[in-house]
Amino acid sequence: MRVLIIGGSGFLGTELVRQATAAGWETAATYCSRPGSLPGAAWHRLDLRAPGHVDEVLAAVAPGAVINATSGGSDWAVTADGSIRVAMAAAQRGCRLVHVSSDAVFSGSRVPYDETCLPDPVTPYGAAKATAETAVRLLAPTAAVARTSLIIGHGGSVHERMVHALAADPHDGVLFTDDIRCPVHVEDLASALRELAVSDRAGMFHLAGADALSRHALGVLIARRDGLDATRLPAGRRADSLLPGALDVRLDSGVTQGHVRTRLRGAREFLRSRQGERRARQPEGPVPRHRATGPSD
């Protein structure tokens, strides 16, 4: 299996590269400013804003599959135009394409959103992602488009770093109690994307976690896992702020979960506190007598 991971130096891309190389895949990955540090992958600089650059990279790599995990935020030239260039190049070369999209394509006017729901974005980022989705499906009909939600890991995600910053200085921001998403673990997401890359399934897929949580509730779970004081995390309502964006966006991944073997865990499971994990690993049954009066774990 020869795969090209576009956006390989990003948070999701790094996990994709790690899993692909560990699985023995011949792995190439792209970066914009600085290559990733993981061994075992061939790194290629790629500027999605430059016409013809995608074609040059695909010609050099000759992949069987392309996973577009790049994140250009609200930069239309990267998120929309760049994704269109990837779709055109992949279709021209007959590559399997897996395109990563976002729950930002939805307005939050419906609960929940399943794979058949059409985009109705309310932010520039959501509009760019929705445009990319439509273009990919038209230009590469055999592609898989995978919508996901907040991506969490072992400390390196944007939300996790924000929680740590707010626990240190609660005056530096706020976590909304009315902004609902379905967080997914980066390992689960990358595994499911790799499954799609080696399948022939086309169309729309939802790869989000099983639990719907507010950003504040998610922050509390992260703080507890990492031994931080969760009571220091500032809470507020997005509805009371001037920030644009959807409120309640819950992705229903039920249909997709029936197509992939990777179990998409909920945040309450993968963010279980370390103390809870230790308790969970202890054998069931009565405590041995010699441990009853011993020091606690």
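When a residue number appears, it is its place in the shown sequence, counting from 1. Small disclaimer: the values here were computed from a predicted structure and weren't measured.
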Just jot down the salt bridge (Lys or Arg N to Asp or Glu O under 4.0 Å) partners of Asp81, sequence neighbours excluded, or say none.
none
Output all residues satisfying side-chain contact (heavy atoms from CB on, under 4.5 Å) with Cys32, sequence neighbours left out; order by chain, then residue number.
none
Mark yes or no for whether Ser149, through its side chain, and Cys182, through its backbone, hold a donor-acceptor pair below 3.5 Å.
yes
Indicate whether the side chain of Asp229 and that of Thr231 have a donor and an acceptor atom separated by less than 3.5 Å.
yes
side-chain contact (heavy atoms from CB on, under 4.5 Å) partners of Ala22, counting only residues at least two apart
none
Taking every heavy atom of Leu97 against every heavy atom of Ala140, the minimum-distance pair comes out as CD2-CB, 4.3 Å
So, for Ala69 and Leu16, which heavy atoms are closest and what is the spacing to 0.1 Å?
CB-CD1, 3.8 Å
If the condition is salt bridge (Lys or Arg N to Asp or Glu O under 4.0 Å), which residues does Glu187 pass it with, not counting sequence neighbours?
none
Please tabulate, one pair per line, all N/O donor-acceptor pairs under 3.5 Å involving side-chain atoms of residues 201-211, not counting sequence neighbours.
residue	atom	partner	partner atom	Å
Arg201	NH1	His259	ND1	3.4
His206	ND1	Tyr113	O	3.3
His206	ND1	Asp252	O	3.2
His206	NE2	Arg147	NH1	3.1
Asp211	OD2	Ala267	N	3.2
Asp211	OD2	Arg268	N	2.9

With sequence neighbours left out, which residue pairs that include part of residues 235-248 fulfil the side-chain hydrogen bond (donor to acceptor under 3.5 Å, both in side chains) condition?
Asp179-Arg238, Arg237-Asp240, Asp248-Arg250
Enter the distance from Arg225:CZ to Ile152:CD1 here, rounded to the nearest 0.5 Å.
8.0 Å
Counting only heavy atoms not in Met88, do more than 12 fall under 6.0 Å of its CE?
no
For a quick test of reading the model, state the closest non-hydrogen atom pair linking Arg215 to Leu150 and the distance between them.
NH1-CD2, 3.6 Å
Quick one: do Trp43 and Val3 end up in the same hydrophobic cluster if we chain Ile, Leu, Val, Met, Phe, Trp and Tyr together by side-chain heavy atoms under 4.5 Å apart?
yes
Would you indicate whether the side-chain heavy atoms of Arg34 and Ser9 approach each other to under 4.5 Å?
no
With the threshold set at 4.0 Å, does a side-chain nitrogen-carboxylate oxygen contact exist between Arg45 and Glu56?
no
